[in-house]
Asker: 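Below is the structure I would like to discuss, written out as structure tokens.
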Amino acid sequence: MEYKFSEIEPKWQAYWRENKTYKVDVDNSKPKFYVLDMFPYPSGAGLHVGHPLGYIASDIYSRYKRLSGFNVLHPMGYDAYGLPAEQYAIQTGQHPAITTEKNITRYREQLDKIGFSYDWDREVRTCEPNYYKWTQWAFTQMFKHYFNNKTQKAESIESLIAIFEKSGNSNIDAATSHESIFTALEWDSFSEKEKQEILLNYRIAFLSETNVNWCSELGTVLANDEVKDGVSVRGGYPVTQKKMKQWSLRVSAYAQRLLDGLDTIDWTDSLKEVQRNWIGRSEGASVNFSIKGHSDIIEVFTTRPDTLYGATFMVIAPEHELVEKITTADNKIKIEEYITWVKGRTERERMADVNKVTGRFTGAYGINPLNGNELPIYIADYVLMGYGTGAIMAVPAHDSRDFKFAREFKLPIIQVVTRAGEEITDPSTWEESFDSKEGKMINSGIINNLDVKEAITTIIKYIEEKGFGYGKINYRLRDAIFSRQRYWGEPFPVYFKNGLPEILDDSKLPLELPEVDKYLPTEDGQPPLGRAKNWETADGYPFELSTMPGFAGSSAYYLRYMDPNNNDALVSKEANNYWQDVDLYIGGTEHATGHLIYSRFWNKFLFDLGYVCKDEPFKKLINQGMIQGRSNFVYRIKNTNTFVSYGLRNEYETTEIHVDVNIVHNDILDLNAFKSWLPEYVNAEFILEDGKYKCGHAVEKMSKSMYNVVNPDVIIEQYGADTLRFYEMFLGPLEDSKPWDTSGIEGVHRFLKKLWRLYFDNNGELMISTEKPTDAEQKVIHKTIKKIKEDIEKFSFNTSVSAFMICVNELTDLKCNKKEVLENLTIILSPFAPHISEELWCALGQTTSVTDAVFPEYNEAYLIENTKKYPIQFNGKMRFTLDLSANATKEEIQEAVFAHETTQKWLDGNEPKKIIIVPGKIVNIVV
RNA sequence: GCGGGUGUGGCGGAAUUGGUAGACGCGCUAGACUUAGGAUCUAGUGCCGCAAGGCGUGGGGGUUCGAGUCCCUUCUCCCGCACCA
């Protein structure tokens, strides 16, 4: 029998399916291990070879852990809500549920062919009512809780009401958008509606009027992580700022815990750094500036309160609430013009113009609380409403943006920090401001001569004493806007009564997504759900028309996998206590600021409520690298249908054209396939070199338009899934980006065939010997067992593959067919190539699945080397090697080296200056 | 601008604590078998050189008996964040 992967693979896949080989349950007799892949959004294009890279890696690890005695939870599901299906629905009228279902079926077929060890009984789909019931449930819980800053955790709204009733809100330190202070008596006097409006500002899921990223092309608002470079991540459409009433999640309340949690988890430093930047903690002070002739004050956040004396003007964001109030009559028109201009610009335009200085004077003056100086107040769009308080004190001497602004508007510049040894010059002669993180204060009243660090603490203490400010920590992390004006998402379990939102009772969940006649907004601009009939409660109260965003369904899916069919809870206590958290999470780096922040937040919230036992959901996380495409090109001579081979292209004027990589082998074009590829090439002619058409190549993103997409199905058909799995791992380190080049796959395929021939002779007859293995054979296999174990544990799968190749090459050279050796080899190979391993395991006479075997221990005794091939260097250059006993002493080594004729040649009659002998390592002779 | 990463043959990539640079594979060259080869097997393959030998891990400098690995400096490309006060 030869290696017939096309028969072996479906056979074992059927076996696994029928025997539920990968089904797992809570089993307290075994330690648990949870390996999770970021579940895919099932797109219409299907999987390409880049997608399974992480899945294969996690599958190898899962199988390895299982062989090592763990009860491994390794589930898969689908992130099934999303814009592409809905956009397609708008174009075709086809219900997104239908296209989604179709795409899922296709994904499943492709995944099944690769031979993953998923427990498919645990599959989840975010768009299914029995799943999104728990997404809605979590939302209702967030509605029912507020965040207590003192205890740093979520607590019930009831407990908050109790405090309000007892002592008002002056003693409460909660994450809230409510500002005014009220007493218990006042609280009591508020109407029910007033009370509810106040409470809404405390809830973790809350409704509020905020500036949002509005994408008119998609007809919806977007969260910050869904906008990149001023355009929508999905589709690349322009985004503008707009004030809208929206549901938000108070993620910012968890900023500090999200930051602190990073120190407790095993993620890469770069990913942690991305999250730290996104959370954006900065320490500084909040300082109140009064406004000349007004009772209002402007609150400013600054990280450099030490430079207060250097403030020469103030800038507030054009959207700042005080703009209208403080603008003087003679400046009104100019200010309004400016605000209109700012509003009309897209985010992208604004970002492209960051170097242009624009702004307008309001006519008002702020008062520097330290020295009473009057500071003209400007509005400018370099100050963002979304950060801090939307107002700054400008210190042009030490901030480049303030400096530019000061120059543009001819405002004074006062230096307040000097660097060591610096000569003081007139700031009006400066070319630019300078950063002043270190230095001594000047022109700074009470903090003169202090170091910057000391000045900061001194001034904070001072302003706190004087009562015009306090030390403050600010975060860049914003609350997550949670409404989408779209159809294909989870409905909110919310209805409106007298204009106030009320939450559906748990017993009414899930609130199922209704049917609509079209997937477009209504004529009067309501979201698509505005088209649904009877979209109201039994009592006739209207339901919320927005749906939840993409990240809603993915925020707790890892918990649902633990107990996917539970109708009474997201996850049972028992299941959660057993599976606890994800031990290994593998997925793409693109989720660094979205999913991985939101799900951590979501998990911490559920942790506060006692529904889950772990504060952090993902213990270890690995980002697999991107598989890039390797494109091929042909060169058409201009205005002809003649194509010239790569090496000759410079002799003609040519156009470089992408050609389908699937009709190119080792950069040689299949001419007939090319002619039938596209109608326009039927009559193509070629200028060849060496009788062949050579193509050019380049590494690019894998995409349809570059014709470099490789489908795993095609690879599996030609080489089998085991070859695909091996080759994906062989390409390079898991975390690196690397190009896919199908050419190299022959190597690993040959390896599998060579492996097969260790078990079967040329006539396909099994030729296993039960004789005792020789020491040499044992050495080969035990060396490999050790290497594979070490490699898997450090996720170095590419080097495992070469170790297997070396092992098979060596066993082939030894003509080894000993059962004991081959059994061990089969087991350690099975995480990588499960199908062939099952087949060989069976051929070895085993009657159970290789997945139930035990990963072998290596025996040190076989690994001991008796001799060492010593490299002999002269002046640090290796000249020859010498086989010596591994336990030879320094003296013995030296004697042997100097007895060697080559040594005499390199000494060339000279006395060695120095002889370095490192036993077991190397000999170096300095001449 | 800030932060992170990367750089090794024609290509993907290997190299414990500093200790034989280029493992393994692709490709390429030659040969064997074959009606045939995008099959299989054998040998070779970093660069220059007939050879002896020399040169080689982005560039320059340093530490060391010895540097891909450590230190300084510089460049390239990639990624993330970005008027964040």
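Protein chains get the first letters and strands the later ones, always in sequence-line order, with residue 1 at the start of each.
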Asker: C1' atom, B/A82 versus B/U6: distance in rounded Å?
Answerer: 22 Å
Asker: Regarding A/Arg757, tell me which of base, sugar-phosphate or nothing describes its non-hydrogen contacts under 4.0 Å with the strands shown.
Answerer: sugar-phosphate
Asker: Using a heavy-atom distance cut-off of less than 4.0 Å, which residues of residues 660-671 of chain A contact RNA chain B?
Answerer: A/His665, A/Asn666, A/Asp670
Asker: Anti or syn, where syn is a glycosidic angle within 90° of 0; which label fits B/G56?
Answerer: anti
Asker: Given B/G19, B/A14, B/G12, which nucleotide is nearest the side-chain atoms of A/Ile922?
Answerer: B/G19
Asker: The criterion is side chain to side chain contact (heavy atoms under 4.5 Å, CB included); which residues satisfy it with A/Lys913, sequence neighbours excluded?
Answerer: A/Val926
Asker: Any base atoms under 4.0 Å from A/Asp381, or only sugar-phosphate, or nothing? Heavy atoms, all strands.
Answerer: base
Asker: Applying side chain to side chain contact (heavy atoms under 4.5 Å, CB included), can you list everything that pairs with A/Ala673, at least two apart in sequence or on another chain?
Answerer: A/Ile663, A/Asp670
Asker: With rounding to the closest Å, how many angstrom separate the P atoms on B/A67 and B/G62?
Answerer: 12 Å
Asker: In plain terms, say whether A/Glu273 and A/Arg276 are close enough for a salt bridge, that is, a side-chain N and a carboxylate O under 4.0 Å apart.
Answerer: yes
Asker: Write down the partner of B/A32 under the Watson-Crick or G-U wobble criteria, each distance required to be under 3.5 Å.
Answerer: B/U40
Asker: Is a salt bridge present between A/Lys783 and A/Glu810, judged by a nitrogen-to-oxygen distance below 4.0 Å?
Answerer: yes
Asker: On the six-membered ring of A/Trp278, is A/Arg476 placed so that its NZ or CZ lies under 6.0 angstrom from the centre and within 45° of the ring axis?
Answerer: yes
Asker: Between the side chains of A/Glu319 and A/Lys343, is the shortest nitrogen-to-carboxylate-oxygen separation below 4.0 Å, so that they form an ion pair?
Answerer: no
Asker: When you compare B/C33 with B/G19, how far apart are their C1' atoms, in angstrom units rounded to a whole number?
Answerer: 45 Å
Asker: With a 4.0 Å cut-off, would you call A/Asp381 and A/Arg345 a salt bridge?
Answerer: yes
Asker: Can you tell me the base-pairing partner of B/G27? Count Watson-Crick or G-U wobble geometry only, both distances below 3.5 Å, and say none if there is no partner.
Answerer: B/U45
Asker: Can you check each nucleotide of nucleotides 77-82 of chain B against protein heavy atoms at under 4.0 Å and return B for base, S for sugar-phosphate only, - for none, in 5' to 3' order?
Answerer: ---SSS
Asker: On RNA chain B, does the nearest nucleotide to A/Val923 precede the nearest nucleotide to A/Ser282 from the 5' side, or the other way round? Give the residue.
Answerer: A/Val923
Asker: Mind checking whether A/Phe760 and A/Glu2 have side chains closer than 4.5 Å, heavy atoms only?
Answerer: no
Asker: Measuring only the P atom in each nucleotide, how far is B/G9 from B/G5? A whole number of Å is fine.
Answerer: 22 Å
Asker: Need one value for A/Asn474: base, sugar-phosphate or nothing, where a base atom within 4.0 Å counts as base even if backbone is also close, heavy atoms only.
Answerer: nothing
Asker: Considering Watson-Crick and G-U wobble pairs with both distances under 3.5 Å, what does B/G19 pair with?
Answerer: B/C65
Asker: So A/Lys753, base contact, sugar-phosphate only, or nothing? Heavy-atom distance under 4.0 Å.
Answerer: sugar-phosphate
Asker: Of the candidate nucleotides B/G12, B/G3, B/C24, which contains the atom at the shortest distance from the side chain of A/Lys738?
Answerer: B/G12
Asker: Looking only at side-chain N and O atoms, does A/Arg750 come under 4.0 Å of OP1 or OP2 in B/U40?
Answerer: yes
Asker: Please determine, for the side chain of A/Lys921, which listed nucleotide (B/G12, B/G19, B/A85) has the closest atom?
Answerer: B/G19
Asker: A/Val383 near the nucleic acid: base, sugar-phosphate alone, or nothing, with a heavy-atom cut-off under 4.0 Å?
Answerer: base
Asker: What does A/Thr881 touch in the nucleic acid at a heavy-atom separation under 4.0 angstrom: a base, only the sugar-phosphate, or nothing?
Answerer: base
Asker: Could you give the distance separating B/U63 and B/G12 at their P atoms, to the nearest angstrom?
Answerer: 35 Å
Asker: Compare every heavy atom of A/Pro739 with every heavy atom of A/Val699, then report the nearest pair and how far apart it is.
Answerer: CG2-CB, 3.7 Å
Asker: I'd like to know if A/Glu901 pairs up with A/Lys905 as an ion pair, taking the criterion as any Lys NZ or Arg NE/NH1/NH2 lying under 4.0 Å from an Asp or Glu carboxylate oxygen.
Answerer: no
Asker: Do A/Glu689 and A/Lys694 come close enough that some side-chain heavy atom pair is under 4.5 Å?
Answerer: yes
Asker: In whole Å, what separates the P atom of B/C50 from that of B/C41?
Answerer: 34 Å
Asker: Applying the Watson-Crick and G-U wobble criteria at under 3.5 Å, what pairs with B/G3? Answer none if nothing qualifies.
Answerer: B/C79
Asker: Please state how far atom NZ in A/Lys794 lies from atom C1' in B/U16, giving the value in whole angstrom units.
Answerer: 8 Å
Asker: Name the atoms and distances for all side-chain donor-acceptor pairs under 3.5 Å in residues 386-400 of chain A, with sequence neighbours left out.
Answerer:
from	atom 1	to	atom 2	distance (Å)
A/Tyr387	OH	A/Ser282	OG	2.9
A/Tyr387	OH	A/Asn474	ND2	3.4
A/Thr389	OG1	A/Glu299	O	2.5
A/His398	ND1	A/Phe434	O	3.3
A/His398	NE2	A/Val416	N	3.1
A/His398	NE2	A/Val417	N	3.2
A/Asp399	OD1	A/Arg401	N	2.9
A/Asp399	OD1	A/Arg401	NE	3.1
A/Asp399	OD1	A/Arg401	NH2	3.4
A/Asp399	OD1	A/Asp402	N	3.0
A/Asp399	OD2	A/Arg401	NH2	2.4

Asker: Have a look at A/His749 and tell me which of A/Phe726, A/Tyr727, A/Phe5 forms a ring-ring contact (aromatic ring centres under 6.0 Å, His included) with it.
Answerer: A/Phe5
Asker: Any chance you could list the contact pattern along nucleotides 51-68 of chain B? Use B for base contacts, S for sugar-phosphate-only contacts and - for none, protein heavy atoms under 4.0 Å, 5' to 3'.
Answerer: --SSS---------BS--
Asker: Using atom C1' in both nucleotides, what's the gap between B/G13 and B/G66 to the nearest angstrom?
Answerer: 26 Å
